[in-house]
Protein chains: 2
Amino acid sequence: MAVRVRIEDVAEAAGVSMKTVSRVLNREPNVREDTRVRVQAAVDALNYKPHPSARSLAGHKSYLVALLYDNPSPNYLMEVIAGVLDACETQQYNMMMCPLDFGSPTFMNAVESMIAHSQPDGLILTPPITDAPALLKRLDELELAYASISPRKQKQCMGVAIDETRAAFDMMQHLVSLGHRRIGHIKGHPEHGASDWRLQGYRDGLQKAGIPFDPDLVVDGEFSFESGVRGAEKLLQLRERPTAIFAANDDMAAGVIGVALRLGLRVPEDVSVCGFDNTPMSLQIYPPLTTVHQPSRDMGRIAALELLTAIRKRDAGKMLQIPYTLKLRQSTGPLG
Amino acid sequence: MAVRVRIEDVAEAAGVSMKTVSRVLNREPNVREDTRVRVQAAVDALNYKPHPSARSLAGHKSYLVALLYDNPSPNYLMEVIAGVLDACETQQYNMMMCPLDFGSPTFMNAVESMIAHSQPDGLILTPPITDAPALLKRLDELELAYASISPRKQKQCMGVAIDETRAAFDMMQHLVSLGHRRIGHIKGHPEHGASDWRLQGYRDGLQKAGIPFDPDLVVDGEFSFESGVRGAEKLLQLRERPTAIFAANDDMAAGVIGVALRLGLRVPEDVSVCGFDNTPMSLQIYPPLTTVHQPSRDMGRIAALELLTAIRKRDAGKMLQIPYTLKLRQSTGPLG
DNA sequence: CTGTTAGCGCATTCAT
DNA sequence: ATGAATGCGCTAACAG
């Protein structure tokens, strides 16, 4: 490890004081341009890197953001992580991972303990942890900044989301345009806001097409493949079978396709199937799945950038909405 | 955030010096049992948590391990992460994520920069970063501890792996026992040791069954679904079609099944397909995939525990081998 | 615009 | 077995 280059060494090399170096490093004002250049040159020449712990200790900041999650899809989370890391890198921040069990009675204890231990400067919340009232209340008490990704209540907090209801509505328009009128829906996990929004989009789509809502065509799910299987078994064995099934996510849609094939039905000739999320798997099953692409990586990046800005400026940002894309593939087709 | 409880406060409450509290906290010897108890009581009563940065600054340790990865399957990586976090939690360590581009010319720069910035006490390497000679050499220079998960050269380093060759061999035994003799193989990414091992297991399996090796039945792949599709297109259009295909991972196996179905072949009646990794997807496609389960979470945990031990004791551990499991499912069946 | 001083909270000598 | 003094590397508050 050799000997560490310290800020003092840089100061000496540049012929200024430690504090001036500190100012340059932290982009603080009140430094003449030429000294700034001189200091920067010394920093580069010595390949100086601030010691994170020292900076943190003296500055009363941890330079840490915590990413809270509860059993999300690995693909989704990895995208979010990549985005958050993108954002953190630009600002010398670190990210720590915080797997949590949202439903557990010790949920808040786990959070408190993590905060006490790691002292993050801010948190990024992913669904469904975005919607834990006790958590949000406590964070406000602690004056700890947080950004939410796709939270249920979007008016009141900083974060990022897509218009899920409208995306689901668009998907319904697609099915309707193919001639479908008996369209089934498998709901998502009841604890996720996304489930409500997507169901709402389904209903909006029916209404727009003048198709009466039929409760038999809507079944419970919980975003898992298995729940998709169960939902499909119900829907595909109805006396009057739906000609299309809109599952609230891709995993469930994969379950639907599995059941359909097992029952000897062709997809999409006998039944069209679509999902939501555009997971890699959606492209790997046969037939490739029609779905909605949600820019999860961008959402992670944006949430983190908002959070970092809020930490710096000590004031909260807005809820940002960003665009989604429909991916029309082979699992949906015209009414046969 | 109220006022922070410091070690000094605990010392005062317990009627001892800071140093004694420090000793108790760090499980150092030379503390009488009764004072240890008294100090611990004060720690609990005040709900004292050491300040990570202060501890790190004074102790010349970062309490950080870096997890290096390059574009792995999200499912695999999330399992490894969960295991590493499990291990870190028990020892007050933190984990940082380090996505890298192994092939890039700036790979080593990225690593150097990460190390200089974050000063991790150790690294956990995942394939194929386990096999970057320049990296390993540099880590030795820096005397930075690292643990490797499934590295190519297992003799020379600390880490954890399964016996992949034997697992692939077992899978071949399974296919042979079903009556298959024309068995195709789609290789993994050439940069991953796993590709070699699994191919070796394939060859060992052929040899054991007295089946001559046919180069036409082995095609290149790179672990991606698409490469599985390409491989299957070659194999399934051979004049003498294989009756079984062993893909070196699940993603490629999924590609094979897709192609088979597209060509009007039934799985497993017309062609058996198997993979490797037991990804969640392997259970979600139709038919469910026969594969090898690799205990990735355990591997993450074990690698991290080894690393933390090595950091503490300043000496390197061994390469540990842990068990795998064959998952026999519906994508393989008797030769029709 | 720049420098000086103090101290963040802890572990680490070296005493005793 | 325990304690007092010192400093890790940096930023903050103030001084100039």
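Basis for what follows: all heavy atoms, side chains included, without hydrogens, waters or symmetry-related copies. In the text below, chain A, chain B and the rest are named by the order of the sequence lines, each starting its count at 1.
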Handout entry: Any side-chain donor near an acceptor of the partner, B/His51 and A/Gln119, under 3.5 Å
Key = no
Rounded to whole Å, the CD-C1' distance (B/Glu28 to C/dT13) equals 12 Å
Closest of C/dT2, D/dC10, C/dA11 to the B/Arg55 side chain is C/dA11
task = Establish, with yes or no, whether the OP1 or OP2 oxygen of C/dT4 is under 4.0 angstrom from a side-chain nitrogen or oxygen of A/Ser17.
result = no
With a cut-off of less than 4.0 Å, is there a side-chain N or O of A/Arg23 near OP1 or OP2 of C/dC1? no
In whole angstroms, the gap separating P of D/dC8 from CD1 of A/Ile7 amounts to 14 Å
Rounded to whole Å, OH of A/Tyr63 lies from C1' of D/dC10 at a distance of 9 Å
| task | May I ask you to check whether A/Ser56 and B/Ser53 show a side-chain donor-acceptor distance below 3.5 Å? | result | yes
Rounded to whole Å, the NE2-P distance (B/His60 to C/dA11) equals 12 Å
In whole angstroms, the gap separating C1' of D/dG9 from CG of A/Leu25 amounts to 12 Å
Out of D/dT2, C/dG7, C/dT12, minimum distance to the side chain of A/Ala58 belongs to C/dG7
Atom CG of A/Asn30 and atom P of D/dG16 are separated, to the nearest Å, by 18 Å
Side-chain atoms of A/Thr35 come closest, of D/dG9, C/dT2, C/dA11, to C/dT2
### Query
Quick one: is D/dC10 close enough that its OP1 or OP2 comes under 4.0 Å of any side-chain N or O from A/Ser22?
no
The nucleotide from D/dA4, C/dC1, D/dG9 with an atom nearest the side chain of B/Lys19 is D/dA4
Atom CD of A/Glu12 and atom C1' of C/dT4 are separated, to the nearest Å, by 16 Å
Contacts of B/Gly15 and A/Gly59 projected onto DNA chain D by closest heavy atom; the upstream (5') one is B/Gly15
### Query
Base, sugar-phosphate, or nothing: which does A/Ser53 touch, judged by heavy atoms less than 4.0 Å apart?
nothing
Quick note, B/Leu57 side chain, CB onward, closest among D/dC8, D/dA1, D/dC10 is D/dC8
Between NZ of B/Lys61 and P of D/dG9 the distance, given in whole Å, is 16 Å
Would you call B/Asn71 and B/Asp101 a side-chain contact if the rule is heavy atoms closer than 4.5 Å?
no
Separation between CG (A/Asp163) and CD1 (A/Ile322), nearest 0.5 Å, reads 12.0 Å
Is the positively charged end of B/Arg6 above the ring of B/Tyr48, judged by distance under 6.0 angstrom from the centroid and angle within 45° of the axis? no
Winner on side-chain proximity to B/Val16, out of D/dC10, D/dT2, D/dG3, is D/dG3
